[in-house]
*Asks:* 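My structure is below; once you've seen it, I'll send some questions.
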Amino acid sequence: MAQPKINRVTLATLPTPLESGGKLQSGANLWVKRDDLTGLGVGGNKARKLEFLCGEALDNDATCLVTVGAAQSNHCRMTAAAGARLNLATHLVLSGAKPKRLEGNQMLAAMFGAQLHHTGFEANDWKNLETARAELTKDLIRDGQRPHSIPIGGSTAVGAIGYAVAFDEIIAQCETQKFVADAIVFTTSSGGTHAGLIAGLVRARAKDPQKVLPKVIGIGVAKGFALSAESVAELANETLALLGETARATPNDVIIDPSYMGSDYAVPTQAATEATTWAAHRGAWVLDPVYSAKGFSGLLGHDAQGEFAADSNIIFIHTGGLPSLFVTH
Ligand SMILES: Cc1ncc(COP(=O)(O)O)c(C=O)c1O
């Protein structure tokens, strides 16, 4: 099948390193895929999605970017960074009230020149936040702008292509580093990273059905956005269609474990605090309490439950989140 034209702009520093992380308690080998080091606006997973989302924006002759997220959204901060790189004005619709002093991701987003729209909504009120994005987008169109409006987390099929490509990048690095990956574990929230990885997995499986491919395990950290295996498989299938692939994912391909979220999005857990210390002491990997620490606590939890065989190879995708560590309120 002819490869459809997909516009991509270079925003990330790729490939990111795949570092050895020593042994887990079970004797499995840990590997850390450093997507916290994608470079764009201090890095994180969203750089990969934004390469395709901004490619789409430029294709549509957009004059500005609009997106939405929690007050300390990494996705919003990285969209602001992409806007700065591409000379596109950026509007961010954020949960929470306007703080007295901007901190963490908000401080960086403002530094990159974005306009922050503080809505007062709760961080997990994704429905109202999305409505506010739609309204702002309409206002900008009324003012003669051509906004490229990106949903929460950049989790469209176009954005997810970034992680289908990342799946191939990981498999190629495993081959270079002479091991076969048994599982890829990562934090999932709006589902685009997960859908992209599943699209990559399904595409690789269709290309070579004999090839041993890793299990893809998402550790869910948000319940405001009702993610299911069905919805992730559906997004993966839209992504596969955009890539011109005929193979399709099923919900059986999608593993989402929400049991490491704790009581809600962004509410700290003891396991995440312990995972943060473990990672910092083992490899000086800096995890954030909202996303990557909960994801990594899931990896350690699955290991403790005996899910990984001794000498198997388990990859943790470190999806970033550094700036929220510096938020004091
Ligand atoms: C640091 C970090 N990790 C993981 C995720 C989850 O990615 P996704 O929204 O694609 O599920 C996010 C999303 O905001 C994030 O900021």
Side-chain angles (χ1 to χ4, degrees), residues 1-16 35 38-41 43-68 75 78-91 133-134 137 140-141 145-173 190-208 211 213 216 231-250 253 317:
M1 186 176 276
Q3 180 72 21
K5 190 184 165 299
I6 295 166
N7 202 16
R8 177 181 189 175
V9 291
T10 299
L11 294 171
T13 307
L14 300 176
T16 55
D35 273 14
T38 53
L40 178 68
N45 62 337
K46 298 307 185 309
R48 291 187 186 268
K49 296 182 186 181
L50 284 161
E51 291 205 333
F52 292 94
L53 292 164
C54 291
E56 190 182 29
L58 297 185
D59 258 355
N60 295 341
D61 288 327
T63 55
C64 59
L65 301 173
V66 181
T67 197
V68 56
H75 163 66
M78 297 189 77
T79 305
R85 287 267 288 267
L86 300 172
N87 196 23
L88 291 169
T90 304
H91 294 266
R133 172 177 69 93
T137 305
L140 289 164
I141 294 170
Q145 296 281 326
R146 284 189 305 279
H148 189 68
S149 194
I150 302 171
I152 219 145
S155 287
T156 65
V158 169
I161 293 172
Y163 268 90
V165 173
F167 184 87
D168 292 348
E169 181 181 304
I170 291 170
I171 298 301
Q173 283 177 313
S190 66
T193 301
H194 202 164
L197 290 169
I198 295 293
L201 172 75
V202 168
R203 177 166 69 170
R205 191 167 65 198
K207 204 166 147 204
D208 181 358
K211 193 169 174 136
L213 292 166
V216 171
S231 60
V232 172
E234 207 175 295
L235 188 57
N237 286 338
E238 282 176 47
T239 309
L240 285 160
L242 282 182
L243 290 167
E245 300 292 331
T246 51
R248 291 292 176 264
T250 74
D253 292 313
I317 305 181

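All heavy atoms count here, side chains included; hydrogens, waters and symmetry mates do not. We number each residue from 1, following the sequence as shown.
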*Asks:* Please lay out, stage by stage, how Leu140 and His91 fare under the test side chain to side chain contact (heavy atoms under 4.5 Å, CB included).
*Replies:* CA-CA 10 Å; Leu140 289 164; His91 294 266; 3.7 Å; yes
*Asks:* Start with the C-alpha distance between Arg205 and Asp253, add both sets of side-chain angles, then the distance that settles side chain to side chain contact (heavy atoms under 4.5 Å, CB included), and finish with yes or no.
*Replies:* CA-CA 11 Å; Arg205 191 167 65 198; Asp253 292 313; 2.9 Å; yes
*Asks:* Just jot down the salt bridge (charged side-chain N to carboxylate O under 4.0 Å, His left out) partners of Arg146, sequence neighbours excluded, or say none.
*Replies:*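 Expected list: none.
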*Asks:* Who pairs with Thr137 by side chain to side chain contact (heavy atoms under 4.5 Å, CB included), at least two apart in sequence or on another chain?
*Replies:*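 Testing Thr137 for side chain to side chain contact (heavy atoms under 4.5 Å, CB included), a comparison that skips the adjacent residues, returns Val66, Arg133, Ile141, Pro147, Ser149.
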*Asks:* Could you walk me through whether Ile170 and Ile317 pass the side chain to side chain contact (heavy atoms under 4.5 Å, CB included) test, one step at a time?
*Replies:* CA-CA 10 Å; Ile170 291 170; Ile317 305 181; 3.9 Å; yes
*Asks:* If only atom types and distance count, is the side chain of Asn237 paired as donor or acceptor with the main-chain N or O of Ala249 below 3.5 Å?
*Replies:*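 Judged by distance alone, yes, a pair lies under 3.5 Å.
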*Asks:* Which distance, rounded to the nearest 0.5 Å, do you find between the CG of Asn45 and the OG1 of Thr16?
*Replies:*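 Result: 11.0 Å between the selected atoms.
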*Asks:* Which heavy-atom pair separates Tyr163 from Thr193 by the least distance, and what is that distance?
*Replies:*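 The answer is CB-O, 3.5 Å.
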*Asks:* Locate the shortest heavy-atom distance separating Ala47 from Leu40; write the atom from each residue and the value.
*Replies:*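 The answer is CB-CB, 4.0 Å.
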*Asks:* Could you pull out all residues at least two apart from Ala62 that satisfy side chain to side chain contact (heavy atoms under 4.5 Å, CB included)?
*Replies:*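 Counting only residues at least two positions away or on another chain, Ala62 forms a side chain to side chain contact (heavy atoms under 4.5 Å, CB included) with Ala57, His148.
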*Asks:* Atom CG of residue position Asp208 - does it have more than 12 heavy atoms of other residues, nucleotides or ligands inside 6.0 Å?
*Replies:*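 Buried by this count: over 12 neighbours within 6.0 Å.
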*Asks:* For Thr38, which residues count as a side chain to side chain donor-acceptor pair (under 3.5 Å) partner, sequence neighbours excluded?
*Replies:*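 In terms of side chain to side chain donor-acceptor pair (under 3.5 Å), with neighbours along the sequence ignored, Thr38 is linked to no residue.
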*Asks:* Quick check for you: to the nearest 0.5 Å, what is the distance between Glu56 atom CD and Leu242 atom CG?
*Replies:*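 The CG atom of Leu242 is 8.5 Å from CD of Glu56, to the nearest 0.5 Å.
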*Asks:* Determine the sole option in Thr156, Asn7, Val165, Val9 for which the side chain to side chain contact (heavy atoms under 4.5 Å, CB included) test with Phe52 is passed.
*Replies:*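 Of Thr156, Asn7, Val165, Val9, side chain to side chain contact (heavy atoms under 4.5 Å, CB included) with Phe52 is met by Val165 alone.
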*Asks:* Looking only at heavy atoms, which two atoms of Leu65 and Cys54 are closest? And how far apart?
*Replies:*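 Nearest pair, atom of Leu65 first, then Cys54: CD1-SG, 4.3 Å.
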*Asks:* Going by side chain to side chain donor-acceptor pair (under 3.5 Å), name the residues that satisfy it together with Glu238, two or more places apart in sequence or in a different chain.
*Replies:*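 With neighbours one apart ignored, the set is empty.
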*Asks:* Got a sec, which residues hit side chain to side chain contact (heavy atoms under 4.5 Å, CB included) with Ala247, two or more places apart in sequence or on another chain?
*Replies:*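 Scan of Ala247 (side chain to side chain contact (heavy atoms under 4.5 Å, CB included), adjacent residues dropped) gives Val202, Ala206.
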*Asks:* Any ion pair linking Arg48 and Glu169 (charged N to carboxylate O, less than 4.0 Å)?
*Replies:*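 So Glu169 pairs with Arg48 through a salt bridge.
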*Asks:* Looking at every heavy atom in both Ala199 and Ala164, which two are closest together, and how far apart are they?
*Replies:*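 Ala199 and Ala164 have their closest heavy atoms at CB-CB, 4.2 Å.
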*Asks:* Using residues 78-86 as the side-chain source, report each donor-acceptor pair under 3.5 Å to any protein atom, sequence neighbours left out, with the distance given to one decimal.
*Replies:*
from  : atom 1 : to    : atom 2 : distance (Å)
Thr79 : OG1    : His75 : O      : 2.7
Arg85 : NH2    : Leu11 : O      : 3.3

*Asks:* Taking the side chain as C-beta and beyond, is there a heavy-atom pair between Cys64 and Thr90 under 4.5 Å?
*Replies:*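 Not touching, per the 4.5 Å side-chain cut-off.
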*Asks:* Which residues satisfy the side chain to side chain donor-acceptor pair (under 3.5 Å) test with Arg248, sequence neighbours excluded?
*Replies:*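 Listed in chain order: nothing, the list is empty.
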*Asks:* Check side chain to side chain donor-acceptor pair (under 3.5 Å) between Thr250 and all other residues, then give those that pass, not counting sequence neighbours.
*Replies:*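 Here no residue qualifies.
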*Asks:* Return the CD to CG distance between Gln145 and Leu88, rounded to the nearest 0.5 Å.
*Replies:*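 Here the rounded value is 10.0 Å.
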*Asks:* Measure the spacing between CD1 of Ile161 and CG of Leu243 and express it to the nearest 0.5 Å.
*Replies:*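 Ile161 CD1 to Leu243 CG: 5.0 Å, rounded to 0.5 Å.
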*Asks:* Which residues pass the salt bridge (charged side-chain N to carboxylate O under 4.0 Å, His left out) test with Glu234, not counting sequence neighbours?
*Replies:*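 Glu234: no salt bridge (charged side-chain N to carboxylate O under 4.0 Å, His left out) contacts found.
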*Asks:* For a side chain to side chain contact (heavy atoms under 4.5 Å, CB included) check, start with the C-alpha distance between Lys49 and Ser190, then their side-chain angles and the critical distance, and finish with the verdict.
*Replies:* CA-CA 12 Å; Lys49 296 182 186 181; Ser190 66; 4.1 Å; yes
*Asks:* Measuring from atom CG of Leu213 to atom CD1 of Ile171, what distance do you get when rounded to the nearest 0.5 angstrom?
*Replies:*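 With rounding to 0.5 Å, CG (Leu213) is 5.5 Å from CD1 (Ile171).
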*Asks:* State which residues pass salt bridge (charged side-chain N to carboxylate O under 4.0 Å, His left out) with Asp59; sequence neighbours excluded, sorted by chain then number.
*Replies:*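 Asp59 satisfies salt bridge (charged side-chain N to carboxylate O under 4.0 Å, His left out) with no other residue.
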*Asks:* Nearest 0.5 angstrom please: Leu50 CG to Arg8 CZ, how far?
*Replies:*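 So the gap between those two atoms works out to 12.0 Å.
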